[in-house]
Every structure is written in C-alpha cells, then in structure tokens.
Amino acid sequence: MTPPDADAAPSELVHLDVTAGVATITLDSPGNRNALSAQLRRELLDRLERAIADETARVIVLSHTGSVFCSGMDLKETRGAGADQQGINEVPAILETVWSSPKPVVARVGGAARAGGVGLVAAADIAVAVDRATFAFTEVRLGLVPAVISVTVLPRLLPRAAHELFLTAEVFDAPRAAAIGLINASVPADELDAAVDRYVAALKLGAPAALAGTKEMLRAERPSSMREDFAQMQELSASYFAGPDGQEGMRAFAEKRSPSWVVPD
C-alpha cells in the first residue's frame, strides 16, 4: 500500500458552483462544524471573489453541508497565538466582501450559527433559516468581545436585543432571529430550499447594475438634512431613469415582455 503523501494539498473545504446565474458557495467542513479555520477562511474569501468576478453569476447563495452552518472561529488554531497572529484578523475581509458584494447574497442557514458564523449570516443581504436553527454570540463566555462581527450584526438587530444577546451569550432560535431582524425568514426544514429559491428567482429579475446601485444606496450614510438627502436621491434616481437599464426596463414594460437582463433558468 502506498502511504499518503504528507505534502498533498488538503481537501477543498469551500466549493463554488455557478449554474443558471446562481453562484452557490458551500462550506464543507462538517467534521469541524464549518469553523472558520485558516484553510476555510482562505478558500471562502477566494470563492467569494471568484463569484463576484464571474459575469454569468447574478446572485450568490452561501450554503453549507452538515448540521451546523458555521460555528465561528476555529479556537484550536487561535489558542496561544498573539494578537497580531490571530485568525480573526482575516475575518473583516470576508465579512466586508459579503456585505459590499455588488451581487445580492442569500444565506441558506440549515443549522446552528455561532459567533463569527452569525456575522456571516448578518452580512448577507437576505438570510433564510430552518426553524430549528439556533444562534448565539458566545464570545463573552470565552473571555472575548464580539467586536468584528458587530460591524455586520448591529445594523440588523434591534438595539435592545443586541444588548441582551451580546451580553448574556444566550442561545436563541430562528423565529426570534427573524423577529429581531437577524434573518428574513424562519421556515420548516422541508421548505428551506423552496424559500431560498423564491428569493433567488426574485433577485434574478432585477437588473444587475440596478441591484448593485440599490445595495450601494442601502449601505450609504444618509445626510442629516432631509433636503440634502432628497437632492442626492433625486440625482441617483434620475441617472437610473435615463440609463440604459432603466430605458430598457420601461420599454419592456410597455411592450409587455421581459427585460433583456432576465435569463431563463
């Protein structure tokens, strides 16, 4: 028997598949509860960048194998490392890439999420979870602070819920996650894929440039003056009305046909 090659590359932990305009990124490290190990972090960022660069991909779906969506940082790797060597230093790039992706990102949450995994869920534009999924910000019970993930989580959560859940580290379920704004929908397990598919189908009807522009608008800091806010939004709106996608969309509406950017499944 030939011994295994000690120098062989480890198996891929994050997969990318692009089909019918949908880039599906799958975390596939179930034995490690899809923890954010160095390899998984590296591959996840790479797959995200490839999906964003792929002109055939219109929507990105973030999914997983196993019973856990993502358990957060791989604590076995971070134990004993200095502050400048912590893997958490690489997480902002991942969360920012998901948050700022010009293409809509849908999180398909078929199991538990903890700490950094909740940050990933929050970074997505739309998140759907099975009703049995659980969530928790476990950091304080480990002597840590949920600092990095707060950048994506706090814009989603009701303030009272954020204070409670960040400070107590208590586990909460998917229905409550929906009630406080962390996810969009909590559904039975046998309806998860159908719910994700409905969101994906709706997103694919949007013009790519308009979707990117809308995401940028949603992320932008708004002026304190309503007059200035209206002026900026009027200028943005007019540019899209006069732009090629806006003109095509209005022509298609008048002609009772699908716009040119809608591709068949």
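If you read the sequence from its start, that first residue is 1, and numbering goes on from there. Note: hydrogens, waters and symmetry copies are ignored here, and every other heavy atom, side chains too, is used.
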Show which side-chain atoms of residues 178-190 pair as donor or acceptor with protein atoms under 3.5 Å away, not counting sequence neighbours.
from	atom 1	to	atom 2	distance (Å)
N184	OD1	A127	N	2.8

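- The closest donor-acceptor contact from the side chain of N32 to the backbone of N34 lies at 3.5 Å or more, if one exists at all.
- Sequence neighbours left out, the pairs with a member in residues 127-147 that pass side-chain hydrogen bond (donor to acceptor under 3.5 Å, both in side chains) are R114-T134.
- Identified under the side-chain hydrogen bond (donor to acceptor under 3.5 Å, both in side chains) test for residues 149-175, with sequence neighbours left out: E164-R176.
- Take E235 and apply the salt bridge (Lys or Arg N to Asp or Glu O under 4.0 Å) test, not counting sequence neighbours, and it matches no residue.
- Residues L120 and C70 share a closest heavy-atom pair of CD1-SG, 4.4 Å.
- Classified by interplanar angle (parallel below 30°, tilted 30° to 60°, perpendicular above 60°), the ring pair F137/F166 is tilted.
- Distance check, rounded to the nearest 0.5 Å: CZ of R42 to CD1 of I94 gives 11.0 Å.
- Between the side chain of K103 and the backbone N or O of A51 there is at least one donor-acceptor pair closer than 3.5 Å.
- T26 and D28 share no side-chain donor-acceptor pair at under 3.5 Å.
- If you take CG on L95 and OG1 on T97, they are separated by 8.5 Å, rounding to the nearest 0.5 Å.
- Between the side chain of S71 and the backbone N or O of R33, at least one donor-acceptor pair lies under 3.5 Å.
- Residues satisfying the side chain to side chain donor-acceptor pair (under 3.5 Å) test with D193, not counting sequence neighbours, are R108.
- Contact record, V153 with V118: CG2-O, 4.2 Å, taken as the closest heavy-atom pair.
- Legend: residues meeting side chain to side chain donor-acceptor pair (under 3.5 Å) with D17, ordered by chain and number and at least two apart, are T19.
- In terms of the side chain to side chain donor-acceptor pair (under 3.5 Å) criterion, residue partners of R257 (sequence neighbours excluded) are, by chain and number, E248, E255.
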For this session: Walk me through it: do V140 and V145 pass the test side chain to side chain contact (heavy atoms under 4.5 Å, CB included)?
Result: CA-CA 6 Å; V140 295; V145 174; 5.9 Å; no

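- The line from CG of L44 to CG of L36 is 7.5 Å long, rounded to the nearest 0.5 Å.
- Hydrophobic cluster membership of M250, counting Ile, Leu, Val, Met, Phe, Trp and Tyr whose side-chain heavy atoms lie under 4.5 Å apart directly or via other members: F241.
- I60 approaches S101 most closely through the heavy-atom pair CD1-OG, 3.9 Å.
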For this session: Tell me, with the steps shown, if H15 and I25 meet side chain to side chain contact (heavy atoms under 4.5 Å, CB included).
Result: CA-CA 6 Å; H15 311 305; I25 297 174; over 6 Å; no

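- The distance from atom CG of L165 to atom CG of L157, rounded to the nearest 0.5 Å, is 6.5 Å.
- Using a 4.5 Å heavy-atom cutoff, the side chains of V22 and V18 are not in contact.
- For Q247 against A242, the heavy-atom pair with the smallest separation is CG-O, 3.8 Å.
- Looking at every heavy atom in both residues, V98 comes nearest to A124 through CG1-N, 3.7 Å.
- Counting heavy atoms from C-beta on, the side chains of V59 and V106 come closer than 4.5 Å.
- At a threshold of 4.5 Å between side-chain heavy atoms, the hydrophobic network of Ile, Leu, Val, Met, Phe, Trp and Tyr places L154 and V151 in two separate groups.
- The closest donor-acceptor contact from the side chain of E43 to the backbone of V14 lies under 3.5 Å.
- Residues M73 and L45 share a single hydrophobic cluster, defined by chaining ILVMFWY side chains whose heavy atoms lie under 4.5 Å apart.
- Using modelled atom types, no side-chain atom of D74 and backbone atom of A35 make a donor-acceptor pair closer than 3.5 Å.
- If you take CZ on R222 and CD on E228, they are separated by 11.0 Å, rounding to the nearest 0.5 Å.
- Remark: side-chain polar atoms of Q232 are not paired, donor with acceptor, to backbone N or O of R227 under 3.5 angstrom.
- From R251, atom CZ reaches atom OG of S260 across 8.0 Å, with rounding to the nearest 0.5 Å.
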Which pairs would a plain distance check flag for residues 200-208, meaning a side-chain donor or acceptor within less than 3.5 Å of a matching protein atom at least two apart in sequence or in another chain?
from	atom 1	to	atom 2	distance (Å)
K204	NZ	A20	O	2.7
K204	NZ	D265	OD1	2.5

Problem set entry | Trace of the side chain to side chain contact (heavy atoms under 4.5 Å, CB included) decision for L62 with F69 | CA-CA 10 Å; L62 188 57; F69 174 76; 4.1 Å; yes

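- Both V121 and V105 belong to a single network of hydrophobic side chains, linked directly or stepwise wherever heavy atoms of I, L, V, M, F, W or Y lie under 4.5 Å apart.
- Partners of E216 under the side-chain contact (heavy atoms from CB on, under 4.5 Å) rule, at least two apart in sequence or in another chain, are R219.
- The salt bridge (Lys or Arg N to Asp or Glu O under 4.0 Å) search around D46 returns R50, not counting sequence neighbours.
- Nearest heavy-atom pair across R47 and E12 is NH2-OE2, 3.0 Å.
- Here the side chains of V128 and L192 are in contact, with some heavy-atom distance below 4.5 Å.
- The 12-atom threshold is not exceeded at CD of E96, counting heavy atoms of other residues, nucleotides or ligands nearer than 6.0 Å.
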Problem set entry | L27 and L13: CA distance, side-chain angles, deciding distance, side chain to side chain contact (heavy atoms under 4.5 Å, CB included) verdict | CA-CA 6 Å; L27 308 183; L13 299 183; over 6 Å; no

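- The ring-ring contact (aromatic ring centres under 6.0 Å, His included) pairs that include a residue from residues 189-233 number zero, where partners must be two or more places apart or lie in different chains.
- One hydrophobic cluster holds both L142 and V91 under the rule that ILVMFWY side chains link at heavy-atom gaps under 4.5 Å.
- Criterion: ILVMFWY side-chain heavy atoms under 4.5 Å apart, direct or through other members. Under it, L40 and V68 are not part of a common hydrophobic cluster.
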